[in-house]
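Each remark here refers to the structure printed beneath this line.
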Amino acid sequence: MSEKNAQHPRLRVWRNARLATLAPAAGGLGIYEKGTLLTDGERIVYAGSADGLPASAAQNAESFDLEGRWVTPGLIDCHTHIIHGGNRAREFEMRLEGATYEEVARAGGGIASSVKATNALSVDGLVDASIARVDTLLAEGVTTLEIKSGYGLNIEAELNMLRAARRLETVRPVRVVTSYLGAHATPIEYKGRNDDYITDVVLPGLTKAQAEGLVDAVDGFCEGIAFSTVQIARVFDAAKALGLPVKLHAEQLSNLGGAKLAASYEALSADHLEYLDEDGARAMSAAGTVAVLLPGAFYAINEKQKPPVKQLREAGAHIAIATDCNPGTSPLTSLLLTMNMAATLFGLTVEECIAGATREGARALGLLDETGSLEPGKSADFAIWDVESLAELVYRIGFNPLHARVFKGERIDR
Ligand SMILES: [Zn+2]
């Protein structure tokens, strides 16, 4: 044994667990009622039936008795705007009191207020403003978190949002995946000049962010109130030239064909999708583009049009779910509540909700080789739950049964 190993025993056995491995080969949730996990440092060595692990394999391992608790992969929130300044509570209040969107906008509300509040903060300030939201997600078993820029809308402020996202990974035990979302909205100074904004800010900002190692993927908002498919294609072409994967906010309020465009660029995911049609669902499935459903935004804007879950299933598309945590249309920091909403509002099954917040979230981030299921070779990211059945994770509303979180093999108790 090396000196390093003697000082830091790396082998850990997690006994007496009920496992939901989510391993694709196992089918369904990949259940082992009498399960054991073996981890070596950051990696899973074994995940399966207790009988299947030779006693010799766990020799000298540190042992944890999970007392029959359920263990799932660590949760993955694959779509958030969690880094931002300020909040929109006053605007929410005004709308409840009967104000129109125009009146809210005239009072300085809407996305412009989030842009102003975000631009006022340094990288440290952005981390400080966001850390309580991040901690709330982690307390529910999240081990991987996607974070977008998109409230800066000028080059330096967009980069600062991504720098803050990267910094979060150094101050909390969590994996952060970034998306550059310069094409989120047009700032006031470019009103009516989307193409100039893309030329002057979005594209050079992307090049700069990529050079600084800040970008894992490139996102856009394809909608009548945002950018057209032609404009998004300009951004996607630049992403492809830099070797970056793409994803898209598509078909949230209308059908512009964004999901089809995303699929034609082999996008990791197309997100929202309330107005997706059958053609779009088939294109996504053929391209392996994950459908990311965001019930928090559906709920918060009181949308009536539901995403076409039946068509997505029939097309064989993969379905993930996420909080879409953002100050305007989804001030939601609970992936457990998101699961409940996806079931209640969209009719997803328990299995689809749990897979959607684990394995399919990893797929939507291009991380399926690294996390999202309990399989040998993957990162030892898992959540240990005080529940009798997995359905409880989806069924309860506003209740957190997390017992402990394990990130890269390290146990973090609540
Ligand atoms: Zn979003």
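One-based numbering, in listed order, for ligands and for the atoms of each.
Annotation: the span from C78 atom SG to L365 atom CG amounts to 5.5 Å, rounded to 0.5 Å.
If you look at the Zn ion (ligand 1), the protein N, O or S atoms less than 2.8 Å from it are H79 NE2, H81 NE2, H249 NE2, D324 OD1.
Electrostatic pairing of K408 and E410 does not count as a salt bridge here, judged by no charged N lying under 4.0 Å from a carboxylate O. Of the charged side-chain nitrogens involved, at least one lies within less than 4.0 Å of a carboxylate oxygen, so that E278 and R282 count as a salt-bridged pair. A salt bridge links D40 to R10: at least one charged side-chain nitrogen sits closer than 4.0 Å to a carboxylate oxygen. The residues D216 and R166 are annotated as salt-bridged, a charged nitrogen and a carboxylate oxygen being separated by less than 4.0 angstrom.
A parallel orientation is assigned to the rings of H184 and H81, their planes being inclined by less than 30° (bins at 30° and 60°).
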